[in-house]
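Structure, as structure tokens:
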Amino acid sequence: MEHVVGLKCVICGKEYGVDEIDYVCPDHGDEGIVDVLYDYDLIGRRFSKGDLYHSTNFTIWRYKPLLPIKPDSPVPPLTVGWTPLYKTPRLAADLGLKYLWIKDDGRLPTASFKDRASAIAVVKAREKGAEIITTASTGNAAAALSGLCASVNQPNVIFVPESAPQAKIAQLLVFGSRVVLVKGTYDDAFELCLQAAKEYGWYNRNTGYNPYMSEGKKTASFEICEQLGWDAPDRIFVSVGDGCIIGGLHKGLKDLYALGWIDKMPKIMGVQAEGSSYMYQAWKNNEDVLTKPPIDAHTVADSISAGLPRDRIKAMAAVRETGGAYISVTDEEILQAIPTMARGSGVFGEPAGATAFAGLVKAVNEGLVSADERIVVLNTGNGLKDVASAMKSVELVGTQPYRIEPSLDNLKEVVEHW
Ligand SMILES: *Cc1c(COP(=O)(O)O)cnc(C)c1O
Ligand SMILES: [Zn+2]
């Protein structure tokens, strides 16, 4: 792994060799998330846009020279990555915009963005010869780890709050994980999982703890820029819970910029649910995320319900360093965004997926974006993950099915009046 030159604490800046620490900076305990450092000169000499142009590998592994894994490490067989980036002119026109794309990560194998990170977790754990991998999750990271582990027969233990949507719990059980339903919040499940990993020596995939998760998530930025012919967009909208996705997107853009493959940095727009808006509050009030206490998180968008965003330092840097913004949207705006995005594009997102689109709507209404900007909205999770919320969303916008007896006369009655 000579292309990876070290790990750097995002709090104190201290650097470590890749074999020196597994997860966090020892000087900062569980908070000391580190960033993975690369030798871009070396990578740039060995790997080019031309190589990608000729690549027939349409997964995240097409970017292997930019990932923190050994070149010969086996990768899981599931197809992770290269999700479609749809041009959505109708949605754009409705919002008074010219250029809008939706990247649909609901299409990944376990139906959320988290597959990008869990794929890396499985490779790293196997490089270490780990017997068991563990994670805590609001649901999707768990489902992703569970599915990717199933694909390579890797034992794993999953901690989720018992309130996680049924579909996500079903995925875990179907894939054969050991599932611990924690009577508490995601934050409780996270703490318990950290303790368990230390107690039993399990490989720890946790978000905002394992430094390689942002590295998997950064592949979405690679894809966005490559799919746009290396002409980077002006803005990217993404929903934020723990802040690992937004931090990962930022890392991917920084990688491409360092290699000279893109010539500007898009502004990153982090969207949070009003009831779980730690980052938004910290950004607006200029608070220090190292000392800001946890909040009580409540939102319909379960995947972004986080009282203390675990990757908050990287998440703040992503917005600050790119000149983006944090936006907060209500649960009602999130639910409304589900059918609006689906009807305008054919992409059905779970609440946390549609949150990014709700943020774009708000940004347009508040005059934060101009009409000719090139904008990408990331749908991070499939709508079928949370059918109960989808049903609430259509009720909210007044859509109802017609219930009739099975006769043509009854149908005619209905058709006359719809
Ligand atoms: C995890 C998740 C997010 C938020 O990602 P963070 O890294 O926690 O900020 C957004 N949407 C979906 C569907 C998710 O599963
Ligand atoms: Zn440190």
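Quick note: numbers below take in every heavy atom, side chains included, and nothing from hydrogens, waters or symmetry partners. Note that ligands are numbered from 1 as they come in the structure, with each ligand's atoms numbered from 1 the same way. Only a predicted model underlies this, so the values are computations on that prediction, with no experimental measurement involved.
Taking the Zn ion (ligand 2) as the apex, the angle formed with SG of Cys12 and SG of Cys25 is 110°, to the nearest 10 degrees. Rounding to 10°, one obtains 110° for the angle at the Zn ion (ligand 2) between ND1 (His28) and SG (Cys9).
For Glu287 and Lys292, the salt-bridge test passes: some basic side-chain N is under 4.0 Å from an acidic carboxylate O. Under a 4.0 Å N-O distance rule, the pair Asp41/Arg46 does not qualify as a salt bridge. Between Glu350 and Lys168 there is a salt bridge, since a side-chain N of the basic residue sits under 4.0 Å from a carboxylate O of the acidic one. We find that Arg126 and Glu131 are not joined by a salt bridge, their nearest charged nitrogen and carboxylate oxygen being 4.0 Å or further apart. Of the charged side-chain nitrogens involved, at least one lies within less than 4.0 Å of a carboxylate oxygen, so that Asp22 and Lys128 count as a salt-bridged pair. With respect to the salt-bridge test (charged N to carboxylate O, under 4.0 angstrom), the residues Lys251 and Glu321 do not qualify. With salt bridges taken as basic N to acidic carboxylate O contacts below 4.0 Å, none links Asp302 and Lys385. A salt bridge is defined here as a Lys NZ or Arg NE, NH1 or NH2 lying under 4.0 Å from an Asp or Glu carboxylate O, and Arg116 with Glu215 fails to meet this definition. Between Arg310 and Asp187, at least one side-chain nitrogen of the basic residue sits less than 4.0 Å from a carboxylate oxygen of the acidic one, meeting the salt-bridge criterion. Using a cut-off of 4.0 Å between Lys/Arg side-chain N and Asp/Glu carboxylate O, Asp234 and Lys267 are scored as not salt-bridged.
The shortest N or O to N or O distance between Ile245 and ligand 1 is below 3.5 Å. The shortest N/O to N/O separation between Gly241 and ligand 1 falls below 3.5 Å. No N or O atom of Gly353 sits closer than 3.5 Å to an N or O atom of ligand 1. Residue contacts with ligand 1: Asp242 is placed with a nitrogen or oxygen under 3.5 Å of a nitrogen or oxygen of the ligand (distance criterion only). Of the polar atoms of Thr207, none of the N or O atoms is found under 3.5 Å from an N or O of ligand 1, judged by distance alone.
Of the protein's non-hydrogen atoms, Lys114 NZ, 3.5 Å is the one closest to atom 3 (C) of ligand 1. Of all protein heavy atoms, the one closest to atom 10 (C) of ligand 1 is Ser239 OG, 3.1 Å. The nearest heavy-atom contact from the protein to atom 4 (C) of ligand 1 is Ile304 CG2, 3.6 Å. Looking at atom 11 (N) of ligand 1, its nearest protein heavy atom turns out to be Thr380 OG1, 2.6 Å.
Between Phe47 and Trp261, the gap from one ring centroid to the other is short of 6.0 Å.
Close approach of ligand 1 to Gly243 (heavy-atom distance below 4.0 Å) involves ligand atoms 6 (P), 7 (O), 8 (O), 9 (O). Interface of Val240 with ligand 1, defined as ligand atoms under 4.0 Å from a residue heavy atom, comprises 9 (O). Using a 4.0 Å cut-off to heavy atoms of Gly381, the atoms of ligand 1 that qualify are 13 (C). Ligand 1 places these atoms under 4.0 Å from at least one heavy atom of Cys244: 6 (P), 7 (O), 9 (O). Residue Asn140 approaches ligand 1 through these ligand atoms, each under 4.0 Å from one of its heavy atoms: 13 (C), 14 (C), 15 (O).
Under the 4.0 angstrom criterion for non-hydrogen atoms, Lys217 is in contact with ligand 1.
Contact annotation for Glu350 and ligand 1: only side-chain heavy atoms (C-beta onward) come within less than 4.0 Å of the ligand.
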